[in-house]
2 protein chains.
Amino acid sequence: MNARRKFRREGEERRRQDLIDATLDSVAEYGLQGATLRTIALRAGVTAGLIRHYFPGKEELLQEAYTALVGRMTEQAKAALVMEDASPRQRLAAFVTANLNAPIIDQRVFSLWATFLGRANADPTLARAHREGYLGFRNEVEAVVAEVLAAERRKPDAGKLRHHAIAINAIIDGLWIEGCLAAEMFSPGELAAIGVKAIEAELGLAPEKGGNQ
Amino acid sequence: MNARRKFRREGEERRRQDLIDATLDSVAEYGLQGATLRTIALRAGVTAGLIRHYFPGKEELLQEAYTALVGRMTEQAKAALVMEDASPRQRLAAFVTANLNAPIIDQRVFSLWATFLGRANADPTLARAHREGYLGFRNEVEAVVAEVLAAERRKPDAGKLRHHAIAINAIIDGLWIEGCLAAEMFSPGELAAIGVKAIEAELGLAPEKGGNQ
DNA sequence: AGGCTATTTATACACTTGCGCAACAAGGCC
DNA sequence: GGCCTTGTTGCGCAAGTGTATAAATAGCCT
């Protein structure tokens, strides 16, 4: 009567990715408590038992999922920096703009970010994954800032440069959060405009010539 | 043999507060999944059944706990604004400094903030509690900014004012997060100094004369 | 002192959870 | 085609969950 369920064998890498994606989906939708092995398996189109074939336990699956998330986030964010034939200042502005619009401004990603980060002080593995992503991001910012200031013939010392990077990182993070949590409170491009202006003020750049007052 | 446990009757308000505090402690330490009724009750020094005498269910307890948390956070933050006999600019600086030092820079509070916010897009009650706290905070910022600019004989329009408030709010939030997540990466007072300078740059204020730090 | 009542404990229950394990079958190999 | 490996299913289990409810007792009122 009860026929056994049909299934397909997938390549290991493909299955692992599917399981990680299903995990992130589940966490975003139901939170850490609602992301049960059965929920995750259902979303991945397999049965719960299979998860233990690829991961030692639930905790490791969650850790790998968070690591994957951080990786994708920083990768996306940094992708906006690879512009050939652009002035440092233009690259910085493009970087900020990219980080303050879709798809980086995204409620689902924010939920994931917040959910996992809430456990960072209790789970060193999560804390490390975050720390690495954060420092990578900030170093990227610092490098662009150095280029921008160099193009203006300014030579800041290391401390000043670090402070600029910290402040700019904070501006981007803060606006990113505001945008993710309440996208409908801002008109399209508004956050990016605010961010670019705030960052240029932080760096003491003269306003771009054009019709702004 | 098995003597029944001794207990004391507490006033209703006191018990509710104790339960809410125990809930926040449990969430901060174990996360939403680890904050079970039994854990919470243990921490509050009662047995699990009692919780249902004061709250309809676990969900309502968590919601009230988050509302209480947001209330305390914004209250603390705004307390730094009540300074008599101080220039608007000094009050703004004091406000920023207060928000970027202990006890507002605090890993435990950050964990709570992130954990609850991760569920905000799925729980309208949490979202509302956050939204109200956020808007209250931003309006406070906007009011001080207006005073600061007025003292400088500048008369910004409403849109400019709003943008300043959004940017300043982002700077404070962003630095707050960096401080909570990696306090050991910054020397004491460093974040506050970065924040004050960034905000004064955003408002286009001339650097304070004199060697203040 | 003795009773009343609402706070508090204790226990039961139905359900879900992560995990272990044996059986099964998909798909490559000969 | 038939076999063998192993990816995959299905089921069971003990522990833990939120909720319901009965039994006890602390502390006020008279």
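So that the names make sense, note that chain A is the first sequence line, chain B the second, and so on, each numbered from 1. This one's a predicted model, so the numbers in the text were calculated from it and none came from an experiment.
- Ring-plane geometry between B:Trp176 and B:Trp113 is classed as perpendicular, the angle between the planes exceeding 60 degrees on a 0 to 90 degree scale with a lower cut at 30.
- Going from atom CG of B:Leu61 over to atom P of D:dT17 covers 15 Å, rounded to whole Å.
- Here the closest heavy-atom approach between residue B:Arg108 and residue B:Asp25 is recorded as NH2-OD1, 2.8 Å.
- Nucleotide C:dT9 holds its C1' atom 16 Å from the CD atom of B:Glu10, rounded to whole Å.
- A:Glu64 and A:Arg16 are joined by a salt bridge, as a carboxylate oxygen and a charged side-chain nitrogen come within less than 4.0 angstrom of each other.
- A straight line from CZ of A:Arg38 to C1' of D:dG10 spans 11 Å, rounded to a whole angstrom.
- Looking only at atom types and distance, the side chain of B:Thr36 has a donor-acceptor partner in the side chain of B:Thr39 under 3.5 Å away.
- Comparing atom distances between the A:Val46 side chain and each of D:dT9, D:dT19, C:dG18 picks out D:dT9 as nearest.
- Closest-nucleotide positions on DNA chain D for A:Arg15 and B:Gln33 were compared, and the one nearer the 5' end corresponds to A:Arg15.
- What separates CG of A:Leu50 from C1' of C:dC19 is a distance of 14 Å, to the nearest Å.
- Proximity note for A:His53 (side chain, C-beta onward) versus C:dT8, D:dT6, C:dC19: the nearest is D:dT6.
- Rounding to whole angstrom units, CG of residue A:Leu19 and C1' of D:dG7 are separated by 12 Å.
- Here the side chain of B:Arg52 is nearest to one of D:dG7, D:dG12, D:dA20, namely D:dA20.
- The residue A:Thr36 sits close only to the backbone: its heavy atoms come under 4.0 Å of sugar-phosphate atoms, none of a base.
- One interatomic measurement links the two molecules: CG of A:Leu37 to C1' of D:dG10, which rounds to 15 Å at whole-angstrom precision.
- Separating the CG atom of A:Leu32 from the C1' atom of C:dT16 is a distance of 17 Å, rounded to the nearest angstrom.
- Among the heavy atoms of the strands lying under 4.0 Å from A:Tyr54 are primed sugar atoms or P, OP1, OP2 only; no base atom is included.
- Electrostatic pairing of B:Arg162 and A:Glu190 counts as a salt bridge here, judged by a charged N lying under 4.0 Å from a carboxylate O.
- Protein atom CD1 of B:Ile51 is 15 Å distant from nucleotide atom C1' of D:dA20, rounded to whole Å.
- Across all strands, A:Glu12 comes closer than 4.0 Å to no nucleic acid atom at all (heavy-atom distances).
- Side-chain contact between B:Lys160 and B:His163 is absent, with no heavy-atom pair separated by less than 4.5 Å.
- Mapping A:Gly45 and B:Gly49 onto DNA chain D by nearest heavy atom places A:Gly45 at the nucleotide closer to the 5' end.
- Shown here for B:Leu181 and A:Arg131, the closest heavy-atom pair between the two residues is O-NH2, 3.7 Å.
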Measure all distances between protein nitrogen or oxygen atoms and nitrogen or oxygen atoms of nucleotides 23-26 of chain D, and list the pairs falling under 3.5 Å.
from   : atom 1 : to     : atom 2 : distance (Å)
D:dA26 : N3     : B:Arg9 : NE     : 3.2
D:dA26 : N3     : B:Arg9 : NH2    : 2.8

